[in-house]
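These values consider heavy atoms only, across backbone and side chains, with no hydrogens, waters or symmetry-generated copies. Letters go in sequence order (proteins before strands), and every chain restarts at 1.
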Amino acid sequence: MKIALLVSVGRHPVSGAARYSRNDAAALCIALSLAKTHRATLDVLHAGDASNPALHEYLALGAPVVEVLPLESACAQAEDQAAQQPAQQAAEQPGPAPADAAALLAARLRGYDLVLSGTRAEGAFDSGMLPYRVAQALDMPLVGAAVDLSVQDGCAQVRQFMPKGLRRRVEVRLPALIAVHPLANATPTYAYARMREGTIRARDDARAATALSSVPSSVSASVSPSVSPSGRAADDLAWTVRAGGAKPVRLVAAEKRSGHARMLSATTTESRGGSVVIEGSSVEKAQVILAYLREHQLVDY
Amino acid sequence: MNTLKRIDPRRPFTITAQGLKRITLGAIGALGGLDVADPLAVHASGGAHREAAKPRRTSTKPQRALLVAAHADRGALDDHARQTLAGAALIAAADTEVVLLVFGEFNDEANDNAAALGADKLIVLPAFESRAYAPLDELNALAACAAAYAPTHILLPDNATGDGDLGRRYAAAANASIATHVVELNAAHVAGYIRANTALAERALPDVILLAPNSVEPKLPFVGAGERVDWRFDERQRNEPHAIRDLGIEEIDAAQVALEEADFIVSAGNGVSDVPAFQRLAATLGAAIGASRVAVDDGRFTRDKQIGATGKTVDASVYIAFGISGAVQHLQGIKSCRHVIAVNLDASAPIAKRANLTVIGDAKEIIAALNEAALIARNARGTGAVLLKSTAVAEGALA
């Protein structure tokens, strides 16, 4: 079995320093344990800049080798066109992938049984689109928000995170792409010795370029093939960064009422209160509460 | 000489639905024919001092469409989905209609129906149960709907219960431009945080917009047309075996879930003296336990159970308050709860204004009765007779 893990470089929210993404670290833990139990090969991939010091932290977290697919041409293009957008963050994986990181990765990821990634990057556009774009390009099923993962005879059992204390179990046939949730059940361990031992290997440009040229055939299988990969790169450049400290403005309907109506709504309290039950024994009142819960499908008995 | 135009404050007026309206001399078209013809009739109908019905957003023939898709939660849209729908209605031009696509059962007869929330067309797909996992079928349905209406933009709430996933899947499949976690929306642009929430970036409206919560005020001064469209989603595709199989939902024991994350909370205040009985009820209902400040200060509950300004803020679907009068600080903590049920001896307590259902009575007796009723109902689950009988009793008591 071949497992691939996509890792990204995060960004410290306060200092802005490059660091490993904790979500991807959890995915790395899961991938390592899977590779161990199934004697699978694990390839850790990153699309971006091989000289980024944060990549060494993945070595410390247990990855023996991190393979880097360079995105230089895309970076240069990005910086030309959007000078006001410093640090295009080409290194990010599960971001909205500047240029065509998704296509680049998809070309590299052919033939893997299981591809793991984080849900969302912590430092670029953080749209969480990369797993979706890669899965689409590879025509693989995608399961997101995995907190637990096990593989059994050609199928992966995933436990998905849902809010309000719920978890859902899903089975997916391999090959598949699974995005790991930040709250995954994994405890990454950091070892300096492993960091010294591991290697960062940059893939040579020529091979990456040829691999890339073979991609559009699969990408064009999507619903509307009007936007080419380079078109999507231009799409990311549609973003402009605002001046620091700008606060988002909430969209509120324009007030068109007369002064009289506004005075009324300010002086009279809005009676929101629902129904009131005063009469009856306590047993009947309990039944009223139960009936209310049933009416709104809040209990299933 | 002073050239300022002077306006007589006691100039003539008419009474309209909007209230007292002064006639400004020289103004054109301010007077409707009806007002002048018979001002008494307007007055008699009580239009003067009553909140007028909201007008329709637009009456022009729709040329374009905005599509809003959301999963219904227990037959209704949650706050986040409502905000998304309101956002679409607010950015829609006069010749644009807002199409709402709801996955799952949707109860349109409720007080706040699709029209009041701003939708012009409503498509309900009740075949998609909210708890089932069928991302590919949902994607097909959304793509079919998008193909039928050719919307300029598709808006979804960016949540973890399926909508965010669906929007991203659609954007990837259609190779569409997308903006996620959008915190600012208007007719010209969207904006969202980038680089780990340190900078704000904006762009022109993309094809797919995933809205973050609370980026739109859901209150609208108008209503939509709310026209229901029957949509037959092709069932044949749904029966195809998919690579993804749903194995069902696991629920974590309510007592283990953090109070902020809990969906069902029973809460005790000063009126609850029998704590063990209250805890038994919580176990029966499968609810998390909360408490008001007084109950916590008295030492009946631990500090981490306190709900309110100095305690925790909860956003449960159901919140049952026993013996809580509802101080402002407490109501602040339960602001985002969807259904609030209050059991209290005092009918004029402030919580009665907040609660959707207020039961006046002794908390101790009602806790015991509710515990018993819930136990019986739980044990008799599946026999429809119990359900029918209890509803009849409830209706009688309400009347």
Side-chain angles (χ1 to χ4, degrees), chain A residues 11 13 122-123 125-129 132-133 136 141 143-144 163-173 222-224 227 235 238-242 246 248-253 256 258 260-261 272-278 280 282-292 296-298 301, chain B residues 18-19 74-75 87 90 133 160 165 168-169 172-175 177 180 183-186 191 194-196 199-203 216-217 220-221 243-247 249-252 257 261 263 318 339 341 352-353 356-361 365-366 369-370 373 377-378 381 390-391 393-394 397:
Chain A
R11 188 184 156 97
E122 308 171 339
F125 287 103
D126 310 348
S127 72
M129 275 304 290
Y132 293 86
R133 298 242 193 247
Q136 179 66 29
V143 175
K164 305 251 183 221
L166 299 181
R167 302 287 181 267
R168 180 197 278 136
R169 279 179 58 244
V170 169
E171 190 178 69
V172 57
R173 231 185 3 253
S222 54
V223 176
S224 76
V227 185
D235 204 60
W239 292 93
T240 52
V241 181
R242 271 201 210 157
V249 181
R250 205 168 182 221
L251 179 61
V252 180
K256 270 192 196 154
S258 64
H260 177 73
R272 266 194 72 195
S275 52
V276 178
V277 179
I278 299 173
S282 59
V283 176
E284 277 169 356
K285 286 172 181 166
Q287 288 297 345
V288 171
I289 295 177
L290 263 188
Y292 181 90
H296 294 90
Q297 302 174 34
L298 300 163
Y301 44 84
Chain B
Q18 271 77 41
R74 298 190 175 104
L90 286 172
Y133 188 60
D165 181 63
R168 288 185 175 88
R169 274 179 202 273
N175 209 0
S177 57
T180 64
V183 292
E184 182 182 313
L185 170 78
N186 62 32
I194 63 164
R195 289 185 219 136
L200 201 59
E202 66 175 54
R203 60 160 291 164
V216 177
E217 169 66 47
L220 294 176
I244 299 176
R245 201 155 65 88
D246 187 2
L247 299 179
I249 283 186
E250 295 171 353
E251 282 186 42
I252 303 176
V257 177
E261 214 194 332
D263 195 39
V318 203
H339 299 280
I341 302 174
K353 287 202 184 70
N356 304 84
L357 172 68
T358 308
V359 177
I360 307 302
E365 284 171 18
I366 292 177
L370 183 59
R378 268 216 139 147
R381 187 194 327 207
S390 64
T391 337
V393 169

Could you give the distance from [atom1] ([X]) to [atom2] ([Y]), rounded to the nearest 0.5 Å?
{"X": "E202(B)", "Y": "T240(A)", "atom1": "CD", "atom2": "OG1", "value": "4.5 Å"}
{"X": "I249(B)", "Y": "L166(A)", "atom1": "CD1", "atom2": "CG", "value": "5.5 Å"}
{"X": "S275(A)", "Y": "N356(B)", "atom1": "OG", "atom2": "CG", "value": "8.5 Å"}
{"X": "R245(B)", "Y": "R169(A)", "atom1": "CZ", "atom2": "CZ", "value": "9.5 Å"}
{"X": "N186(B)", "Y": "R250(A)", "atom1": "CG", "atom2": "CZ", "value": "14.5 Å"}
{"X": "K285(A)", "Y": "L357(B)", "atom1": "NZ", "atom2": "CG", "value": "11.5 Å"}

- Item | Residue pair V283(A), E365(B): steps toward the side-chain contact (heavy atoms from CB on, under 4.5 Å) verdict | CA-CA 8 Å; V283(A) 176; E365(B) 284 171 18; over 6 Å; no
Assert top hit (heavy-atom pairs under 4.5 Å, partner chain B, pool L298(A), I278(A), L251(A)) equals L251(A)
State, yes or no, whether a side-chain contact exists between [X] and [Y] at a heavy-atom distance under 4.5 Å.
{"X": "I244(B)", "Y": "V170(A)", "result": "yes"}
{"X": "I366(B)", "Y": "I289(A)", "result": "yes"}
{"X": "V277(A)", "Y": "T358(B)", "result": "no"}
{"X": "L370(B)", "Y": "L290(A)", "result": "yes"}

If you compare all heavy atoms of [X] against all heavy atoms of [Y], which two are closest, and at what distance to 0.1 Å?
{"X": "G128(A)", "Y": "R168(B)", "value": "O-CD, 3.5 Å"}
{"X": "A373(B)", "Y": "Q287(A)", "value": "CB-NE2, 3.8 Å"}
{"X": "Y132(A)", "Y": "A172(B)", "value": "O-CB, 3.6 Å"}
{"X": "P221(B)", "Y": "A253(A)", "value": "CD-CB, 3.3 Å"}
{"X": "R242(A)", "Y": "A191(B)", "value": "NH2-CB, 3.6 Å"}

Greatest number of non-hydrogen atom pairs under 4.5 angstrom with chain A, of V318(B), D165(B), L220(B), falls to D165(B)
Per-residue tally against chain A (heavy atom, under 4.5 Å) across L200(B), L90(B), V359(B) peaks at L200(B)
Note: E250(B)-R168(A) ion pair, threshold 4.0 Å (strictly below): no
**Request:** Fit a plane to each ring of H339(B) and H296(A), take the angle between them on a 0 to 90° scale, and name the class: parallel (under 30°), tilted (30 to 60°) or perpendicular (over 60°).
**Result:** tilted
Let me know if [X] has heavy atoms under 4.5 Å from chain A in its side chain, its backbone, both or neither.
{"X": "I341(B)", "result": "side chain"}
{"X": "A160(B)", "result": "both"}
{"X": "V183(B)", "result": "both"}

